[in-house]
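In what follows, chains are A, B, ... by sequence order, proteins preceding strands, each numbered from 1.
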Amino acid sequence: MSEVTASTPSPAAPKKMDDIVALCRRRGFIFQSSEIYGGINGFWDYGPLGTALKRNLKNAWWNDVVERELIGPDGNSVDIVGVDCTIIMNPKTWVASGHVGGFNDPMVDCRESKQRYRADHLAVLGSTAAGSRLYAFVENDDEQRAAAVKALTKYEKRDALDQAVHILRPFMTISAEERARTMGPHAKEAGTLTEPRQFNLMFETNCGAVKDESSLAYLRPETAQGIFTNFWNVCDSTRVKVPFGIAQIGKAFRNEVTPRNFTFRSREFEQMEIEFFIRPDTANEWYKWWRDWRFSWWQKIGLAGANLILREHDRDELAHYAKEGAGTSDIEYRFPFTAPGFGELEGIAHRADFDLKAHATHCGKGDKMRYFDQEKNDRYFPHVIEPSAGADRGTLALLCEAYTPDPTRASGVYMNFTPRMAPVKAGVFPLVNKDGLPEIAERLYRDLRRKHSIEFDEKQSIGKRYARMDEAGTPYCITIDHDGASSGTATIRHRDTQAQDRVALDQIPMWLDERVS
RNA sequence: GCGGGUGUAGCUCAGUGGUAGAGUGUCACCUUGCCAAGGUGAAUGUCGAGGGUUCGAAUCCCUUCACCCGCUCCA
């Protein structure tokens, strides 16, 4: 960890994840997927309020990234176009990206040493004598092989050694009974190795009626490859010129070994990704600009406190595609379940030309697919700066950040979403359910609803209605009272302070527009 | 994947072998009228699931699922 940037040094509020999960369920933010059947590990559904919150987050991202003008480090407008690609792609995509191959292998865990080995790289050495110990070692590791031989000769009595027929076999071929008396390479006791297990993180499916090798397909484990494979299409069909970006919001799937921490590590999740294509010699300045702009964006939508940090990766934790280059950094949030540590919201990586080159090579056209830079009269594979954010993680961070315990108020808690992110922008209430107040309130409600998400409630006491809106995170509550009915005004209650303004009815639409847009 | 913990009403929980409960919330009506007020009434349970023991299981046993915590993993 070489660089940490925090906005303010204030300590994190003591929030309990269980309480946040309970509120999410109680108020309809997030439910367990297929809960009536006992749920399913790693999958979550959004309820009415959660769907609105997540949609607000995605809309804000799309709006700020693709639609609104953004000024880049060179003072020019940043050019970004959108795509929306399929979840299932030609399987060759995942060979080119490196997802098939490196992560498809059977692995063996050692319960004692906590080491993990490629099962097809392990071999065992031992004797055929009944019940004798076997010694596992990594085949191409001479040191381990020597250690295994030494351990074997030390373990077996000399006469047994003379008579015993020694075996040397791949670990993959031994039985469960033999495995139970096998010593792991780093273990002190026998029988600590698990059976070989596939750790393929990609979900598999079959495309077409026939289920065989030829129909095998994968659910995409990241949205990025849809962008890379469409790079040439976008160049040919639009008038984009490097530097430019392609943005996409979409679902991705990873068969995580251990889904954990509410929606933080789900097996089905949504990404908001930009692949920004640049000339290789401008990587540093674009990388820094994207990193800083993305950090300030998260702050702007409501993660402004000390719980948000920007963390530059150390060299040794860089991904295979980012070893050389401008760098990689994470925007991280201090979730209640990671505190005092942080969990990743977005990664900003300089992926160099790894992906475009890989696809050019695998599709067989190679250098012919280089980008032609008319201005410089130069051909090259553009480098890529990738800001890749998690929509579900972002939503979860907004929920955690907004959750504000307040024992002094009836609800005991309120959600202080920024108005732009709030699922409901305002509640409109008649103070009493008579004397013509409901009619006035309903007219105002219908007027405001033409542009915003508004809730109308005439039931029960006004305090109850305020309390419900506090838990939904609604920033404003507009109440028609008797004074207002006669003077053409209403009171507007501010969620965070509980203070009230009196505003003329005909001014309220504009008043609200200014604050929630 | 390993170890530990927890599953009973929307939520918080009580109930240790003998009729499934409380508070709170939700809904309706009355009343009141600016912060979950009061009154009356109502609805709501696969006691996580499956199996076993037993005359009888929310309760004991086995298996399994889900969630939480610590490891592991996170290309």
Side-chain angles (χ1 to χ4, degrees), chain A residues 16-28 31-44 47 94 97-105 107-116 192-202 221-222 224 254-262 264-267 269 317-322 330 336-338 343-344 347 349 390 406 408-414 427 429-435 437 459-471 477-484 490-495 497-500 502:
Chain A
K16 286 205 216 115
M17 202 55 211
D18 286 351
D19 296 337
I20 296 174
V21 172
L23 182 136
C24 283
R25 170 172 178 69
R26 190 167 72 240
R27 288 300 171 201
F31 307 121
Q32 235 186 320
S33 171
S34 41
E35 191 195 65
I36 60 167
Y37 293 110
I40 176 167
N41 195 345
F43 297 88
W44 300 89
W94 309 112
S97 68
H99 288 83
V100 174
F103 305 98
N104 245 342
D105 308 303
M107 304 296 283
V108 172
D109 286 315
C110 176
R111 294 189 192 92
E112 182 194 314
S113 68
K114 305 295 184 191
Q115 297 277 323
R116 175 169 288 176
T192 61
L193 294 178
T194 63
E195 62 182 324
R197 292 171 300 208
Q198 291 285 346
F199 275 82
N200 183 6
L201 261 50
M202 282 197 291
E222 62 177 32
R254 290 182 198 179
N255 203 354
E256 296 285 355
V257 178
T258 314
R260 211 35 105 69
N261 292 328
F262 203 28
F264 183 78
R265 177 167 296 127
S266 301
R267 290 184 163 133
F269 56 98
E317 59 176 320
L318 294 180
H320 58 95
Y321 51 74
D330 282 347
F337 49 80
T338 58
E344 183 186 347
D406 180 359
T408 69
R409 59 175 87 192
S411 55
V413 62
Y414 65 103
F429 312 137
L431 181 60
V432 296
N433 199 8
K434 59 184 180 187
D435 304 333
L437 269 43
K459 302 286 186 186
Q460 299 174 317
S461 74
I462 194 71
K464 256 183 195 189
R465 286 176 273 170
Y466 287 154
R468 274 196 286 258
M469 289 292 99
D470 279 348
E471 280 199 331
C477 287
I478 304 166
T479 302
I480 311 293
D481 60 359
H482 289 95
D483 291 351
T491 61
I492 301 182
R493 171 191 184 266
H494 295 254
R495 176 196 60 207
T497 61
Q498 303 182 78
Q500 290 180 316
R502 188 168 283 280

*Determine the interatomic distance between P on B:rG70 and the same-named atom on B:rG51; round to the nearest Å.*
36 Å
*Write down the distance separating the P atoms in B:rG50 and B:rG41, rounded off to the nearest Å.*
37 Å
*Which residues share a side-chain hydrogen bond (donor to acceptor under 3.5 Å, both in side chains) with A:Tyr414, sequence neighbours left out*: none
*Rounded to whole angstrom units, what separation is found between the NE2 atom of A:His482 and the P atom of B:rG33?*
9 Å
*Which whole number of Å gives the distance between the P atom of B:rG23 and that of B:rC61?*
32 Å
N/O contacts under 3.5 Å, protein versus nucleotides 38-42 of chain B?
none

*So, does A:Arg502 use its side chain to make a donor-acceptor pair with the main chain of A:Ile492 at under 3.5 Å?*
no
*asked:* Taking any heavy-atom pair under 4.0 Å as a contact, classify A:Glu222: base, sugar-phosphate, or nothing.
replied: nothing
*Between A:Tyr466 (OH) and B:rA36 (C1'), how many Å, whole number?*
13 Å
*Is a side-chain donor-acceptor pair under 3.5 Å present for A:Tyr466 with A:Ser411?*
no
Pairs under 3.5 angstrom, nitrogen or oxygen only, protein versus nucleotides 4-10 of chain B, please.
| unit_1 | atom_1 | unit_2 | atom_2 | d |
| --- | --- | --- | --- | --- |
| B:rG10 | O3' | A:Arg25 | NE | 3.0 |

*So which heavy atom on A:Pro336 is nearest to which on A:Met17, and how close?*
CG-SD, 3.9 Å
*Would you mind checking if A:Arg27 and A:Asp470 are paired as a salt bridge, meaning a charged N to carboxylate O distance below 4.0 Å?*
no
_Side-chain donor/acceptor contact of A:Arg493 with base of B:rC35 under 3.5 Å_ = yes
*Who are the salt bridge (Lys or Arg N to Asp or Glu O under 4.0 Å) partners of A:Arg468, not counting sequence neighbours?*
A:Asp457
*Mind checking the C1' distance from B:rU44 to B:rA20? Whole angstroms is fine.*
13 Å
*Using the C1' atoms only, state how far B:rA9 lies from B:rG25, rounded to an integer number of Å.*
10 Å
*Hunt down the Watson-Crick or G-U wobble partner of B:rC71, both distances under 3.5 Å, from any strand shown, or write none.*
B:rG1
*What interatomic distance, in whole Å, is found between P of B:rA22 and the corresponding atom of B:rA28?*
22 Å
*Whom does B:rA58 pair with, Watson-Crick or G-U wobble, provided both distances fall under 3.5 Å?*
none
*asked:* Could you tell me how far B:rA57 sits from B:rC47 if I compare only their C1' atoms? Round to whole Å.
replied: 11 Å
*Round to a whole Å and report the spacing from CG of A:Asp483 to P of B:rG33.*
14 Å
*Can you check whether A:Trp44 and A:Phe262 have ring centres sitting under 6.0 Å from each other?*
yes
*Picking from B:rA75, B:rC11, B:rC69, which would you name as closest to the side chain of A:Ala22?*
B:rC11
*Watson-Crick or G-U wobble partner for B:rU46, using a 3.5 Å limit on both distances?*
none
_For A:Phe31 against A:Gly47, the heavy-atom pair lying closest together_ = CE1-CA, 3.5 Å
*Side chains of A:Arg25 and A:Glu35: closer than 4.5 Å at any heavy-atom pair?*
yes
_Any residue meeting salt bridge (Lys or Arg N to Asp or Glu O under 4.0 Å) with A:Asp406, in chain and number order, not counting sequence neighbours_ = A:Arg409
_Please pick, from B:rC35, B:rG33, B:rC68, the nucleotide with the shortest atom-to-atom distance to any side-chain atom of A:Asp18._
B:rC68
*asked:* For the backbone of A:Asn41 and the side chain of A:Arg267, can you confirm whether one donor and one acceptor N or O come within less than 3.5 Å of each other?
replied: yes
*asked:* Students often get this wrong, so: under 4.0 angstrom with heavy atoms, is A:Phe429 touching a base, only sugar-phosphate, or nothing?
replied: nothing
_Can you measure A:Asn255 atom CG to B:rA75 atom P for me and round it to whole angstrom units?_
15 Å
*Taking the P atom of each, how far is B:rG52 from B:rU16, in whole Å?*
25 Å
*Using a cut-off of 4.0 Å on non-hydrogen atoms, how would the nucleic acid contact of A:Asp406 be classed: base, sugar-phosphate, or nothing?*
nothing
*asked:* Using OP1 and OP2 only, check whether a side-chain N or O of A:Asn261 sits under 4.0 Å from B:rC67.
replied: no
_Presence of donor-acceptor pair under 3.5 Å, side chain of A:Asp481 and base of B:rC34_ = yes
_Can you tell me the base-pairing partner of B:rU24? Count Watson-Crick or G-U wobble geometry only, both distances below 3.5 Å, and say none if there is no partner._
B:rG10
_Close side-chain approach of A:Ile462 to A:Phe429, heavy-atom, < 4.5 Å_ = yes
*Which residues satisfy the side-chain hydrogen bond (donor to acceptor under 3.5 Å, both in side chains) test with A:Asn261, sequence neighbours excluded?*
none
Using atom names, set out every protein N or O paired with an N or O of nucleotides 63-66 of chain B below 3.5 Å, distance rounded to 0.1 Å.
| unit_1 | atom_1 | unit_2 | atom_2 | d |
| --- | --- | --- | --- | --- |
| B:rA66 | OP1 | A:Asn41 | N | 3.3 |
| B:rA66 | O4' | A:Gly38 | O | 3.2 |
| B:rA66 | O3' | A:Gln32 | NE2 | 3.1 |
| B:rA66 | O2' | A:Gln32 | NE2 | 2.7 |

*Using a heavy-atom cut-off of under 4.0 Å over every strand shown, decide if A:Ile36 touches base, sugar-phosphate, or nothing.*
base
*Mind checking who B:rG17 pairs with, Watson-Crick or G-U wobble, both distances under 3.5 Å?*
none
*Spacing between A:Arg260 atom CZ and B:rC67 atom P, to the nearest angstrom*: 9 Å
_Just to be sure I understand the rule, does A:Gln500 reach a base, reach only the sugar-phosphate, or reach nothing, if contact means heavy atoms closer than 4.0 Å?_
base
*How close or far is atom C1' of B:rG33 from atom CG of A:Asn433, stated in whole angstroms?*
11 Å
*Can you name the salt bridge (Lys or Arg N to Asp or Glu O under 4.0 Å) partners of A:Arg26, sequence neighbours left out?*
A:Glu471
*Can you find an N or O donor on one side and an acceptor on the other, under 3.5 Å apart, linking the side chain of A:Glu256 with the base of B:rC73?*
no
_I need a per-nucleotide contact map over nucleotides 24-29 of chain B, read 5' to 3'. Cutoff is protein heavy atoms under 4.0 Å; write B for the base, S for backbone only, - otherwise._
--SSSS
*Could you check A:Ala410 against A:Arg465 and say which one's nearest nucleotide on RNA chain B is further toward the 5' end?*
A:Arg465
_Please compare A:Ile462 and A:Pro259 by the position of their nearest nucleotide in RNA chain B and report the one closer to 5'._
A:Ile462
*Tell me, please, which residues at least two apart from A:Glu256 pass side-chain hydrogen bond (donor to acceptor under 3.5 Å, both in side chains).*
none
*Nearest heavy-atom pair of A:His482 and A:Val432: which atoms, and what distance?*
CE1-CG2, 3.7 Å
*Counting side-chain heavy atoms from CB outward, which of B:rC34, B:rC35, B:rA36 is closest to A:Thr491?*
B:rC34
*Check the distance between B:rC35's P and A:Arg409's CZ and give it to me in whole angstrom.*
13 Å
*salt bridge (Lys or Arg N to Asp or Glu O under 4.0 Å) with A:Arg495: which residues, sequence neighbours excluded?*
none
*Taking side-chain hydrogen bond (donor to acceptor under 3.5 Å, both in side chains) as the test, write out the residues that go with A:Thr491, two or more places apart.*
none
_B:rC29 pairs with, by Watson-Crick or G-U criteria that keep both distances under 3.5 Å_ = B:rG39
